[in-house]
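Just below is one structure, and these are the notes that go with it.
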Protein chains: 2
Amino acid sequence: MSLESVPPKYAQLVQALQRRIESGTYPPGSMLPSEHQLIQEFSVSRPTVVAALRVLREQGWIESQQGKGRFVRGRPAMATVESNRPGQAYLTSPETDAPGELVEAAAVALPNRVAVLLEAEPKGKAFLRRRLVVREGEPSELVSLWLPLELSEGTDLTSGEPLPQGIRQHLRSRKGVRFDHIVEQITARMPTAAEAKQLGMPKNVPLLAVFGAVRDASGRPLVVVEVLLPADRHELEDAYPVR
Amino acid sequence: MSLESVPPKYAQLVQALQRRIESGTYPPGSMLPSEHQLIQEFSVSRPTVVAALRVLREQGWIESQQGKGRFVRGRPAMATVESNRPGQAYLTSPETDAPGELVEAAAVALPNRVAVLLEAEPKGKAFLRRRLVVREGEPSELVSLWLPLELSEGTDLTSGEPLPQGIRQHLRSRKGVRFDHIVEQITARMPTAAEAKQLGMPKNVPLLAVFGAVRDASGRPLVVVEVLLPADRHELEDAYPVR
DNA sequence: ACCCGACAGGTTGTTTTACCAAGTTTGAGC
DNA sequence: GCTCAAACTTGGTAAAACAACCTGTCGGGT
């Protein structure tokens, strides 16, 4: 009768231990109760305890030393830092979420750099969808999306209307392609006159240009997204563990 | 009698399956043999098979669907892409590895931005170690390292000599601090006259400025590293999976 | 003939019991 | 004081059972 599915025991144990670490019951540096103690306290079997502790170790909450015990490291600082990758948001969230203006949606000749990232003919054509994102009433970022013509056919990306759906989802449902990873390149350069005008920025401040080549699991390039950010208004922030 | 320790069985199974995927025996998209088949072929127990398949799934080689089976995704493209994080190399590899010139090593007043990253007094002092890295005979990057005075005491970082040891290792052995993760900020700006001269670059090309705040497991800032890259000679490349 | 549900058989996911191996600490006995 | 064995810890393997899920087939009904 219970429609709400209960989480597995080992996941419950994970959450219970996380709460104790966060509340200070198990302060950083201290030793966790041994497997045997946890088995008795929570009335579960050893593999269940081990599974929970394995998750905690892999997520960085604790570390373990064979023969000694498991030691609290504390809340992994990385868990809260949600990778704020540029481009990522443009691919997953609907265009209708962010106010902006579609400035281009047509088949164009590929810039050299984009052609390389798409592994396409140097002077081939592809579909370009370019959008000027507005934040707080001012132009903020210029986002360009290139995709091969065969991937744009039969999608709503060729229309002039803002997509009510994430590009990632749209392409998966319409064309059956699955995004796997992104190869990202970051450069800085001076804006062209047209770019400076569109973005409403001074001509003497540089642009941060982020190229993201989206690929499937086999490494085949699917789409390329370029994000242009005026450097006086934007920075990129990210966090990653050291080894 | 064998002193060389054999890897655990589940790890051997992981390697065996990885080889089969790479060699094309299990092509991408195909279904892996069921757990039962693997148990019989390799003469191991089910937990061993499951442990191996869990590793493969977590590393992105396969994906599993309850009730259907496990499906080959292919070699995870991310595994080979060694995160080429700027700053990372300066922290781990010895200074003597890369030719360059130490341009500054003294206690100085903290720039505002660095003070924020170090969570220090806005006008406090810290030790600055700045190095001009030379590649192919030309100045290439300007690397600055700020660390709190109490962390610089008793280390060889205050000397004018190139460190024969990685900074990360040096600080761990001398001061007992452990690097855990880095919060990275990327900006672009025009070079100052002094920077342009040191880097031997035109004054009208922008700089890519990378700030890396190194922290321990609890989130306390330890050191800040800044890498200045002339944008006409450098780009930043990275790869990451999309969820 | 067609559709739809029940059912059987396959798959992975989770939990339990049991035993052995390897590393660390402790203390008893010399 | 030193040595070594016992008792602790985590790591790995084996065997079994149940649950949840998917996909066919085989009915019966329309």
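Lettering of chains follows the sequences in order, A, B, ..., and the numbering in each one begins at 1.
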Length of the [atom1]-[atom2] vector between [X] and [N], whole Å:
| X | N | atom1 | atom2 | value |
| --- | --- | --- | --- | --- |
| Ile39(B) | dT13(D) | CD1 | C1' | 13 Å |
| Leu38(A) | dT10(D) | CG | C1' | 12 Å |
| Lys68(B) | dA20(D) | NZ | C1' | 16 Å |
| Leu56(A) | dT10(D) | CG | C1' | 15 Å |
| Arg54(A) | dT10(D) | CZ | P | 16 Å |
| Gln65(B) | dG10(C) | CD | C1' | 15 Å |
| Glu35(A) | dG11(D) | CD | P | 7 Å |
| Gln40(B) | dG10(C) | CD | C1' | 15 Å |

(request) Respond yes when some side-chain nitrogen or oxygen of Tyr10(B) is under 4.0 Å from OP1 or OP2 of dT13(D), and no when none is. (result)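 False: Tyr10(B) side-chain N/O out of range (4.0 Å or more) of dT13(D) OP1/OP2.
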(message) At less than 4.0 Å, is any side-chain N or O atom of Ser34(B) found next to OP1 or OP2 of dG10(C)? Yes or no.
(response)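 Checking Ser34(B) against dG10(C): no side-chain N or O falls below 4.0 Å of OP1 or OP2.
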(request) Test Phe179(A) against every option in Arg168(A), Arg215(A), Gln169(A) by the side chain to side chain contact (heavy atoms under 4.5 Å, CB included) rule and name the one that passes. (result)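 Between Phe179(A) and the candidates, side chain to side chain contact (heavy atoms under 4.5 Å, CB included) is satisfied uniquely by Arg168(A).
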(message) Each nucleotide in nucleotides 16-22 of chain C should get exactly one letter: B, S or -. Can you fill that in based on protein heavy atoms under 4.0 Å?
(response) BB-----
(message) With a 6.0 Å cut-off (strictly less than), is the heavy-atom count around CD of Glu58(B), excluding the residue itself, greater than 12?
(response)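 Yes, because the 6.0 Å sphere around CD of Glu58(B) holds more than 12 heavy atoms from other groups.
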(message) In the structure I gave you, are the side-chain heavy atoms of Glu226(A) and Arg113(A) within less than 4.5 Å of one another anywhere?
(response)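 Glu226(A) vs Arg113(A): side chains apart.
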(request) State, yes or no, whether a side-chain contact exists between Tyr26(A) and Pro33(A) at a heavy-atom distance under 4.5 Å. (result)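 Yes, at least one pair of side-chain atoms sits under 4.5 Å.
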(message) Does this structure show an ion pair linking Glu35(B) with Arg70(B), if we count only N-O contacts that are shorter than 4.0 Å?
(response)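 Salt bridge between Glu35(B) and Arg70(B), a charged N being under 4.0 Å from a carboxylate O: yes.
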(message) Could you go through Val223(B) and Ile167(B), starting from their C-alpha distance and side-chain angles, then the distance that decides it, and tell me whether this counts as side chain to side chain contact (heavy atoms under 4.5 Å, CB included)?
(response) CA-CA 10 Å; Val223(B) 307; Ile167(B) 290 168; 5.9 Å; no
